[in-house]
*Asks:* 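Sharing a structure here in structure tokens format.
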Amino acid sequence: MTDTVETTSSIRHFLRLDDFSADELHYVLKRAAIIKGKFKRYEPHRPLHDRTLAMVFEKASTRTRVSFEAGMYQMGGAVIHLTTNDSQLGRSEPIEDTARVVSRMVDLVMIRTFEQERIETFSRYSRVPVINGLTNEFHPCQILADVFTYIEHRESIKGRIVTWIGDANNMAYTWIQAAAMLGFTFHFSAPKGYQLDPTRLAGVPQNCWRSFDDPLEACDGADLVTTDVWTSMGYEDENEARRKAFADWCVNADLMARAKPDAVFMHCLPAHRGEEVAAEVIDGPQSVVWDEAENRLHAQKALMEFLLLGQID
């Protein structure tokens, strides 16, 4: 077998949420519930015995590392953890060469990096499935866990309204993909200068998302209200400007009061109380952020199982 792009064409990757079909997403979500049930009952579930996951971190993360590493160990596999200093992805050697070498030695690769192009390039030369642990453009594992969390609390997300209060970051664009695939409506609100890029929404059905200048209006009738830090990793130089621009985009009691009475609040964490969310909201009765954080573990276990073993009857 030669190391060409053609040899990897049948490998399934999870680089964007829409790399899967809606049916495949529903399957993974159902498997996540089954796997979580086993975890809570202390039932061993080790379908990935003798499989190895390589994790490449160009962007650090507590939750991504713990959830993937614990998940792989719990399923009977092994983990290799590589940081920027360990891997030098695309610096000491071309990304293509790193992909060719690493994918000969492991069964699965998770990469948390900067531009989406980097992980797309890696995947084209990988012999094994590649998972996007986060890029500047998309965060599919987090949205997979968030959707799972909503279903766990409210049974179905179809036909619901999900409101995003914050800038047009990787989470927002991935939520839009989820809305188009799973049949809910996405409300977006951000101050001027931090709004959605129309060129990135080409081909996305207009009826699955709406943009609002007023965050209160965006929350009207919402079933789920969610947000993220005002300054994402890599944008630290803009911190002060963002703090001023987003002053009226804090998810507080007034915003939550515009949502449905049984609406839930989510945050992908880490959170800054008093900035993007009020303490009374994130620590209040509508918050499901701790279930959401735990569910990264269960959703990603189901994801890794699916990529390596396919659907299990």
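Just the heavy atoms: all of them, side chains too, but no hydrogens, waters or symmetry mates, feed the values below. These numbers come from a predicted model, not from an experiment.
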*Asks:* Same cluster for Leu134 and Ile143 if Ile/Leu/Val/Met/Phe/Trp/Tyr side chains link at under 4.5 Å?
*Replies:*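 Shared cluster, no.
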*Asks:* Same cluster or not: Leu29 versus Leu309, using hydrophobic residues (I, L, V, M, F, W, Y) connected whenever any side-chain heavy atoms lie under 4.5 Å apart?
*Replies:*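 Yes, it is one cluster - the side chains of Leu29 and Leu309 are joined through contacts under 4.5 Å.
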*Asks:* Could you list all the salt bridge (charged side-chain N to carboxylate O under 4.0 Å, His left out) pairs where at least one residue sits in residues 67-80, not counting sequence neighbours?
*Replies:* Arg65-Glu69
*Asks:* Specify the closest pair of heavy atoms between Ser189 and Ala218, including all atoms of both residues, with the distance to one decimal.
*Replies:*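 Here Ser189 and Ala218 meet closest at CB-CB, 3.8 Å.
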*Asks:* For His139, is there any backbone N or O sitting under 3.5 Å from a side-chain donor or acceptor partner on Thr174?
*Replies:* yes
*Asks:* How far does CG of Leu48 sit from CG of Leu108, to the nearest 0.5 angstrom?
*Replies:*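 It comes to 8.0 Å.
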*Asks:* Under 6.0 Å between ring centres: does that hold for His45 and Phe39?
*Replies:* no
*Asks:* Using the test side-chain hydrogen bond (donor to acceptor under 3.5 Å, both in side chains), find all partners of Asp223 that sit at least two apart in sequence or belong to another chain.
*Replies:*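 For Asp223, the residues satisfying side-chain hydrogen bond (donor to acceptor under 3.5 Å, both in side chains) (neighbours in sequence not counted) are Lys260.
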*Asks:* Once you round to the nearest 0.5 Å, how far does CZ of Phe184 lie from OH of Tyr150?
*Replies:* 10.5 Å
*Asks:* Is any side-chain heavy atom of Met256 less than 4.5 Å from a side-chain heavy atom of Val251?
*Replies:*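 Yes; the side chains approach each other to less than 4.5 Å.
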*Asks:* Asp228 pairs by side chain to side chain contact (heavy atoms under 4.5 Å, CB included) with which of Asp167, Asn169, Val277, Leu269?
*Replies:* Asn169
*Asks:* Ignoring hydrogens, what is the shortest heavy-atom contact between Asp97 and Arg100? Give both atom names and the distance.
*Replies:*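 Asp97 and Arg100 have their closest heavy atoms at OD1-NH1, 3.0 Å.
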*Asks:* For the residue pair Tyr173 and Asp197, establish whether any side-chain heavy-atom pair is separated by less than 4.5 Å.
*Replies:* yes
*Asks:* Would you say the side chain of Ile131 lies within less than 4.5 Å of the side chain of Leu303, judging by non-hydrogen atoms?
*Replies:* yes
*Asks:* Spell out, as yes or no, whether a donor-acceptor pair under 3.5 Å connects the side chain of Ser123 to the backbone of Val130.
*Replies:* no
*Asks:* So do the side chains of Ile176 and Leu196 get within less than 4.5 Å of each other, counting heavy atoms only?
*Replies:*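 Touching, per the 4.5 Å side-chain cut-off.
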*Asks:* Are Pro129 and Met304 side-chain neighbours, meaning at least one heavy-atom pair lies under 4.5 Å?
*Replies:* no
*Asks:* Taking Arg112 for its side chain and Lys59 for its backbone only, find out whether a donor-acceptor pair lies under 3.5 Å.
*Replies:* yes
*Asks:* Check whether more than 12 heavy atoms from other residues, nucleotides or ligands sit under 6.0 Å from atom CD of Glu43, and answer yes or no.
*Replies:*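 It does: Glu43 CD has more than 12 such atoms within range.
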*Asks:* Taking the side chain from Glu120 and the backbone from Leu15, do they hold a donor-acceptor pair closer than 3.5 Å?
*Replies:* no
*Asks:* Is there a side-chain contact between Ile165 and Cys219 in this structure, where contact means two heavy atoms from C-beta onward sitting under 4.5 Å apart?
*Replies:*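 A side-chain contact under 4.5 Å exists here.
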*Asks:* Is there a side chain to side chain contact (heavy atoms under 4.5 Å, CB included) between Val147 and Trp175? Walk through the geometry before answering.
*Replies:* CA-CA 9 Å; Val147 172; Trp175 268 118; 3.9 Å; yes
*Asks:* Please collect all salt bridge (charged side-chain N to carboxylate O under 4.0 Å, His left out) contacts where either partner lies in residues 14-26, sequence neighbours excluded, each pair once.
*Replies:*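 Qualifying pairs: Arg12-Glu24, Arg16-Asp18.
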*Asks:* Please confirm whether the backbone N or O of Val106 pairs with a side-chain atom of Thr52, one donor and one acceptor, at under 3.5 Å?
*Replies:* no
*Asks:* Starting at CZ of Phe122, measure out to OG of Ser103 and round the result to the nearest 0.5 Å.
*Replies:* 6.0 Å
*Asks:* Quick check: are there more than 12 heavy atoms from other residues, nucleotides or ligands sitting under 6.0 Å from CZ of Arg273?
*Replies:* yes
*Asks:* For residues Arg118 and Thr121, is any side-chain donor paired with an opposing acceptor at under 3.5 Å?
*Replies:*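 Note: Arg118 and Thr121 side chains miss the donor-acceptor criterion.
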*Asks:* Using residues 203-216 as the side-chain source, report each donor-acceptor pair under 3.5 Å to any protein atom, sequence neighbours left out, with the distance given to one decimal.
*Replies:*
unit_1 : atom_1 : unit_2 : atom_2 : d
Asp214 : OD1    : Leu216 : N      : 2.8

*Asks:* Do Leu201 and Phe186 land in one hydrophobic cluster if side-chain heavy atoms of ILVMFWY residues count as linked below 4.5 Å?
*Replies:* yes
*Asks:* Do you know the tightest heavy-atom contact between Ala278 and Cys250?
*Replies:* N-SG, 3.7 Å
*Asks:* For the side chain of Tyr27 and the backbone of Ile312, is there at least one donor-acceptor N/O pair under 3.5 Å apart?
*Replies:* yes
*Asks:* Only pairs under 3.5 Å count here: list side-chain donor-acceptor contacts from residues 287-298, not counting sequence neighbours, and write none if there are none.
*Replies:*
unit_1 : atom_1 : unit_2 : atom_2 : d
Ser287 : OG     : Ile282 : O      : 2.8
Ser287 : OG     : Val289 : N      : 3.4
Asp291 : OD2    : His153 : NE2    : 2.9
Glu292 : OE1    : His267 : N      : 2.9
Glu294 : OE1    : Lys40  : NZ     : 3.4
Glu294 : OE2    : Lys40  : NZ     : 2.8
Glu294 : OE2    : His298 : NE2    : 2.8
Asn295 : OD1    : Lys36  : NZ     : 2.9
Asn295 : ND2    : Thr149 : OG1    : 2.9
Asn295 : ND2    : Glu152 : OE1    : 3.1
Asn295 : ND2    : Asp291 : O      : 3.2
Arg296 : NE     : Gln300 : OE1    : 2.5
Arg296 : NH1    : Gln142 : OE1    : 2.9
Arg296 : NH2    : Thr64  : OG1    : 3.0
Arg296 : NH2    : Gln300 : OE1    : 3.0

*Asks:* Treating Thr226 as the side-chain partner and Met266 as the backbone partner, does any N or O pair qualify as donor plus acceptor under 3.5 Å?
*Replies:* yes
*Asks:* Search all heavy atoms of Phe20 against all heavy atoms of His13 and return the closest pair with its distance.
*Replies:*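 For Phe20 and His13, the tightest heavy-atom pair comes out as CE1-O, 3.8 Å.
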*Asks:* Can you find a pair of side-chain heavy atoms, one from Phe14 and one from Phe306, that are under 4.5 Å apart?
*Replies:*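 Sidechains of Phe306 and Phe14: no contact.
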*Asks:* For Leu25 and Leu17: C-alpha separation, side-chain torsions, deciding distance, then whether side chain to side chain contact (heavy atoms under 4.5 Å, CB included) applies.
*Replies:* CA-CA 8 Å; Leu25 283 178; Leu17 201 72; 4.0 Å; yes
*Asks:* For the pair Arg160 (side chain) and Ser156 (backbone), establish whether a donor and an acceptor sit closer than 3.5 Å, ignoring hydrogens and angles.
*Replies:*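 Yes.
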*Asks:* Can you tell me how far the CD1 atom of Ile151 sits from the CG atom of Leu182, to the nearest 0.5 Å?
*Replies:*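 Going from CD1 on Ile151 over to CG on Leu182, the span is 7.0 Å.
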*Asks:* Are Leu53 and Tyr73 connected into the same hydrophobic cluster when the rule is that any two of I, L, V, M, F, W, Y join if their side-chain heavy atoms are below 4.5 Å apart?
*Replies:*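 Yes, Tyr73 connects to Leu53 through the hydrophobic network.
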*Asks:* Using every non-hydrogen atom in the two residues, find where Phe188 and Gln195 come nearest and quote the distance to one decimal.
*Replies:* CE2-CA, 3.9 Å
*Asks:* State, yes or no, whether a side-chain contact exists between Cys141 and Phe68 at a heavy-atom distance under 4.5 Å.
*Replies:* yes
*Asks:* Would you say the side-chain atoms of Gln286 pair up with the backbone N or O of Phe265, donor to acceptor, closer than 3.5 Å?
*Replies:*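 No, Gln286 side chain to Phe265 backbone: no donor-acceptor pair under 3.5 Å.
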*Asks:* Could you give the distance from CG (Leu255) to CG (Asp248), rounded to the nearest 0.5 Å?
*Replies:* 10.0 Å
*Asks:* Tell me, please, which residues at least two apart from Glu238 pass side-chain hydrogen bond (donor to acceptor under 3.5 Å, both in side chains).
*Replies:* Arg242
*Asks:* How are the rings of Trp249 and Phe246 set to each other: parallel, tilted or perpendicular (split at 30° and 60°)?
*Replies:*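 The arrangement is perpendicular - the two ring planes meet at more than 60°.
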*Asks:* Closer than 3.5 angstrom, by distance alone: can the side chain of Gln116 be matched with the main-chain N or O of Glu137 as a donor-acceptor pair?
*Replies:*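 Here the side-chain-to-backbone pair does not exist.
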*Asks:* Start with the C-alpha gap between Glu115 and Thr113, add the side-chain angles, then the distance that decides, and say whether side chain to side chain contact (heavy atoms under 4.5 Å, CB included) holds.
*Replies:* CA-CA 7 Å; Glu115 296 81 8; Thr113 186; 5.7 Å; no
*Asks:* Got a second to check how far Glu58's CD is from Ile119's CD1, nearest 0.5 Å?
*Replies:* 10.0 Å
*Asks:* Are Met171 and Val225 grouped together when hydrophobic residues (ILVMFWY) are joined by side-chain heavy atoms under 4.5 angstrom apart?
*Replies:*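 No, separate clusters.
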*Asks:* Tell me the closest heavy-atom pair linking Trp164 and Ala172, and the distance in Å.
*Replies:* NE1-CB, 3.9 Å
